[in-house]
There are 2 protein chains.
Amino acid sequence: MAVTIKDVAKEARVHMSTVSRAFSMPHRLRPETRTRVLEAARRLGYRPSRVARALTTGRTHNIGFIVADIANPFFPPMIKAAEHAARARDYHLFIADASEDPAIETELVDALAKQVDGVVLCGPRIANAKIERLSENIPIALVNRKISGIPSVTMDVVHGAETAIAHLLELGHRKLAYVSGPRQSWTNGQISRTVTAASEGRASVTVLGPNTPNENAGLAVAEQIADSGVTAVLAYNDLLAIGLMEGLHNLGVDVPGDVSVIGVDDTVLARLARPRLTTIVVPTADAGTAAVDLLLQYTAGDDELAARTAGQVSLPTQLVVRDSTAPPPGAASA
Amino acid sequence: MAVTIKDVAKEARVHMSTVSRAFSMPHRLRPETRTRVLEAARRLGYRPSRVARALTTGRTHNIGFIVADIANPFFPPMIKAAEHAARARDYHLFIADASEDPAIETELVDALAKQVDGVVLCGPRIANAKIERLSENIPIALVNRKISGIPSVTMDVVHGAETAIAHLLELGHRKLAYVSGPRQSWTNGQISRTVTAASEGRASVTVLGPNTPNENAGLAVAEQIADSGVTAVLAYNDLLAIGLMEGLHNLGVDVPGDVSVIGVDDTVLARLARPRLTTIVVPTADAGTAAVDLLLQYTAGDDELAARTAGQVSLPTQLVVRDSTAPPPGAASA
DNA sequence: GACCGCCTTGCAATCGTTTGCGTAATTTTA
DNA sequence: TAAAATTACGCAAACGATTGCAAGGCGGTC
């Protein structure tokens with residue numbers, strides 16, 4: 001079949017172990033032998049078998065990357081960044097799509113566990129307790145979830161949501177709604193709590209959901225929004241926000257004239273939608289990179305518990321005001 | 001470390017080989033022993049090591065999936081479908097992003113070759129000759145490229161482009177432009193040739209490009225379009241089309257009033273853009289599924305060349321007319 | 001009751017690396 | 001210049017599975 005270490009050994013007239021060392025510990029070889037081996041390897045087009053290597057070393061140099069839904073434009077930039085970061089460190093990424101289903105997600109971790117050095121869970125829908133249990137078998141890093149003892153990178157949506165609410169209050173809105181996302185989403189909890197807290201005593205908040213975070217769900221809640229009399233809504237993500245805008249449009253409700261809408265994520269869609277969506281920009285790509293960095297650094301710990309310090313990174317977010325927010329109808333213009 | 005086949009053997013009081021057979025050839029075991037082994041395995045939480053298995057069998061049960069740019073919304077649905085299809089057959093997907101660079105793409109194939117059973121090249125930017133050479137070392141399946149002897153799934157963009165041109169001609173356009181994509185893209189060649197052929201003797205065609213297939217590039221060609229006097233343009237993909245619309249808008253050129261625009265792919269963006277983009281819908285998800293099916297079926301061939309029949313699938317495309325196309329300025333209304 | 005054949009299971013080699021250990025070769029030290 | 005220390009490299013045992021071969025048990029046939 002392919003050329004193995006044995007072939008190279010024969011070609012270079014040395015033992016296989018010497019070939020192995022020529023790659024892994026070049027300084028332990030006499031320069032002359034080293035170049036002879038390397039040269040032979042080059043001539044034969046030798047590439048070490050990662051599989052065989054993994055078997056002895058116990059490290060596969062692979063990372064599992066599990067996302068809730070690849071088709072959600074929130075994820076691709078994150079995957080892209082993670083993939084590049086991983087490759088830069090000679091790692092490869094297994095991608096898996098959990099379809100927003102905790103059971104599938106768990107099963108994926110188990111299935112992948114045997115052939116990766118660690119798993120990144122992006123926007124996990126699994127319960128904390130279960131994640132902790134899984135992380136006893138395989139190193140796990142989290143994106144958009146915080147669990148003590150487990151490395152994680154989160155986006156500071158609290159700050160983003162506070163800014164968003166402040167923006168709405170300043171425009172004069174007093175009846176707000178939060179179109180919530182999946183119940184199991186940590187981010188959703190964060191935003192939801194922040195919305196209520198930040199409006200306390202200054203505006204009423206209706207919570208609608210939980211919803212699957214896609215356009216159809218957004219479209220579906222439009223009617224409730226229209227009937228509720230709220231003048232501004234924050235949605236769990238851009239997809240819901242955009243679906244909602246579409247739905248409101250269909251019902252003859254003007255955005256932002258009658259109702260203001262704010263999304264979260266700042267996906268490409270936000271800039272493209274008309275009216276262009278006011279949204280909270282989150283550093284997706286940075287999160288992807290940070291997650292693999294954290295995971296790799298976590299798994300590098302040799303002394304089991306000792307070196308395994310679980311880093312926790314929080315990334316800043318920021319409100320970007322576009323055309324989907326305006327003062328409520330009948331308000332004195334701002 | 002983890003529980004191995006040996007642990008299970010001990011627990012079930014049989015030899016390792018029996019444990020192995022309990023999974024791979026259950027009918028060769030006495031029912032009694034089989035259940036005893038399976039029960040022991042369950043009790044211990046045994047999961048066979050894919051790595052070790054790969055070493056002996058030579059099959060990793062992994063597939064490499066290389067795309068030109070994950071962030072291009074054309075790909076995620078394809079990746080998602082491919083991932084699900086693969087999983088249904090107990091395979092996992094390595095995703096890699098070639099960043100539109102042939103050199104990186106080649107390097108990725110080489111790097112992945114050692115740990116996958118085959119690779120899917122989506123919208124490859126590598127030259128045919130090189131692909132043929134690579135496919136001698138590792139089974140390859142193609143999406144959006146046709147090479148005889150290599151399994152491939154292509155989208156019938158010729159038909160789509162013909163329909164698009166027919167649509168424009170019928171609206172009364174006589175000065176057309178094609179905003180081309182990457183030179184190395186097979187699809188780009190197909191469309192380009194079709195546009196010229198289909199307009200032959202009925203309209204003039206200006207070709208602008210090649211361009212990197214993203215919004216910025218589209219934005220950049222807007223000026224040339226505005227100056228050229230063309231009344232309708234077909235773009236290599238939605239991204240270019242949308243960037244172009246944005247650019248034209250900035251220049252005060254009305255779409256579709258002054259210039260009609262047609263994209264390709266029907267990504268989410270097409271429905272969201274304003275005006276909503278007329279585009280050629282291509283079955284991305286189907287392509288993803290078909291590609292892994294083809295690849296797997298190709299690699300299953302035991303008799304080397306004999307069973308290795310390279311399937312070639314062509315998927316239908318279709319024009320969807322939205323709001324970005326209209327009769328040229330000054331034409332009698334349609 | 002000896003022989004044959006099938007069914008079930010154990011044995012051991014193998015896949016392609018890595019790595020601890022040992023030894024030959026070389027250099028340093030006294 | 002002999003002994004000690006170091007260096008360069010070979011040997012062989014892992015890693016965790018799969019699989020061809022063989023052996024033992026059993027029932028059936030003549």
Side-chain angles (χ1 to χ4, degrees), chain A residues 1-41 44-62 90 111 113-117 137-138 302, chain B residues 1-38 40-41 44-62 90 111-117 137-138 302:
Chain A
M1 187 141 73
V3 28
T4 82
I5 204 173
K6 218 175 275 183
D7 303 320
V8 179
K10 193 171 300 175
E11 173 86 6
R13 321 195 117 270
V14 295
H15 192 263
M16 334 174 318
S17 54
T18 305
V19 178
S20 173
R21 279 188 270 258
F23 289 97
S24 52
M25 16 177 60
H27 57 285
R28 313 261 290 100
L29 259 50
R30 200 183 344 153
E32 173 190 312
T33 359
R34 188 197 319 148
T35 55
R36 180 153 45 98
V37 170
L38 260 25
E39 176 57 25
L44 268 45
Y46 168 72
R47 287 250 184 175
S49 156
R50 285 178 165 260
V51 172
R53 189 201 299 256
L55 192 56
T56 45
T57 62
R59 317 210 80 217
T60 61
H61 267 237
N62 291 149
D90 196 26
K114 270 295 190 323
Q115 48 183 345
V116 299
D117 296 340
N137 293 322
I138 174 99
D302 306 283
Chain B
M1 187 136 77
V3 27
T4 82
I5 205 174
K6 217 173 276 183
D7 303 322
V8 180
K10 192 169 300 174
E11 173 86 5
R13 322 196 119 268
V14 296
H15 194 261
M16 337 173 318
S17 55
T18 306
V19 178
S20 173
R21 280 189 270 259
F23 289 96
S24 52
M25 16 178 59
H27 57 284
R28 312 262 285 99
L29 259 50
R30 196 177 356 145
E32 176 190 309
T33 358
R34 188 197 318 147
T35 57
R36 181 154 44 95
V37 170
L38 261 25
L44 267 43
Y46 169 72
R47 287 249 185 177
S49 155
R50 286 181 166 255
V51 172
R53 190 199 301 252
L55 192 56
T56 44
T57 62
R59 316 209 80 218
T60 60
H61 266 238
N62 291 147
D90 196 26
L112 248 28
K114 270 295 189 327
Q115 49 183 348
V116 299
D117 295 341
N137 293 322
I138 175 98
D302 305 285

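Predicted model, so just to flag it, every value in this text is computed and none were measured. To find a chain, count down the sequence lines: A is the first, B the second, and so on, and within it residues start at 1. Because only heavy atoms are used, hydrogens play no part in the values below, and waters and symmetry mates are left out as well, while side chains stay in.
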Provide, to the nearest angstrom, the distance between the [atom1] atom belonging to [X] and the [atom2] atom belonging to [N].
| X | N | atom1 | atom2 | answer |
| --- | --- | --- | --- | --- |
| A:E32 | C:dT26 | CD | P | 11 Å |
| A:L29 | D:dT7 | CG | C1' | 11 Å |
| A:H61 | C:dT17 | NE2 | P | 15 Å |
| A:M16 | C:dC15 | CE | P | 11 Å |
| A:R59 | C:dT19 | CZ | C1' | 17 Å |

NA contact type, A:S17, heavy-atom cut-off 4.0 Å: base, sugar-phosphate, or nothing?
->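 A:S17: base contact, heavy atoms under 4.0 Å.
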Under 4.0 Å between any heavy atoms, over every strand shown, what does A:R47 touch: base, sugar-phosphate, or nothing? Just pick one.
->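 Result for A:R47 = sugar-phosphate.
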Which value, rounded to the nearest 0.5 Å, describes the distance between [X] atom [atom1] and [Y] atom [atom2]?
| X | Y | atom1 | atom2 | value |
| --- | --- | --- | --- | --- |
| B:T4 | B:R47 | OG1 | CZ | 16.0 Å |
| A:R34 | A:M25 | CZ | CE | 13.0 Å |
| A:L55 | B:S49 | CG | OG | 6.5 Å |
| B:T18 | B:R36 | OG1 | CZ | 9.0 Å |
| A:T60 | A:K114 | OG1 | NZ | 12.5 Å |
| A:I5 | A:F23 | CD1 | CZ | 7.5 Å |

Taking only heavy atoms on the protein side, list every residue of residues 5-15 of chain B lying under 4.0 Å from any atom of DNA chain C, sorted numerically.
-> B:V14, B:H15
Listed in order of residue number, which residues of residues 18-28 of chain B have a non-hydrogen atom at under 4.0 Å from DNA chain C?
->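 Those residues whose heavy atoms fall under 4.0 Å from DNA chain C, taken from residues 18-28 of chain B in numerical order, are B:T18, B:R21, B:R28.
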Which comes earlier along DNA chain C counting from the 5' end, the contact point of B:R34 or that of B:A52, where each point is its nearest nucleotide?
-> B:R34
State whether the side chain of A:H61 and the backbone N or O of A:R50 hold a donor-acceptor pair below 3.5 Å, judged by distance alone.
-> no
Any donor and acceptor pair, going by atom type alone, linking the side chain of B:S24 with main-chain N or O of B:S20 inside 3.5 Å?
->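 Indeed, once roles are kept as given, a pair shorter than 3.5 Å links the two residues.
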pair B:T33-B:R21: side-chain heavy atoms closer than 4.5 Å | no
B:D117 side chain reached by B:N62 side chain, heavy atoms, under 4.5 Å =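 B:N62 does not reach B:D117 side chain to side chain.
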Would one find a side-chain N or O of B:R53 under 4.0 angstrom from OP1 or OP2 of D:dG16?
-> no
With respect to the side chain of B:R30, which nucleotide from D:dA8, C:dT9, C:dT18 is positioned closest?
->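 My answer, after comparing the listed nucleotides, is C:dT9.
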When the C1' atoms of the five terminal pairs at each end define the local axes, what inter-axis angle does the helix from C:dG1-D:dC30 to C:dA30-D:dT1 show, to 10 degrees?
->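 End-to-end axis angle: 50°.
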Go through the steps to decide whether A:I138 and A:V116 satisfy the test side chain to side chain contact (heavy atoms under 4.5 Å, CB included), and finish with yes or no.
-> CA-CA 9 Å; A:I138 174 99; A:V116 299; 3.9 Å; yes
Nearest-nucleotide wise, let me know which of A:T33 and B:Y46 is further upstream toward the 5' end of DNA chain D.
-> A:T33
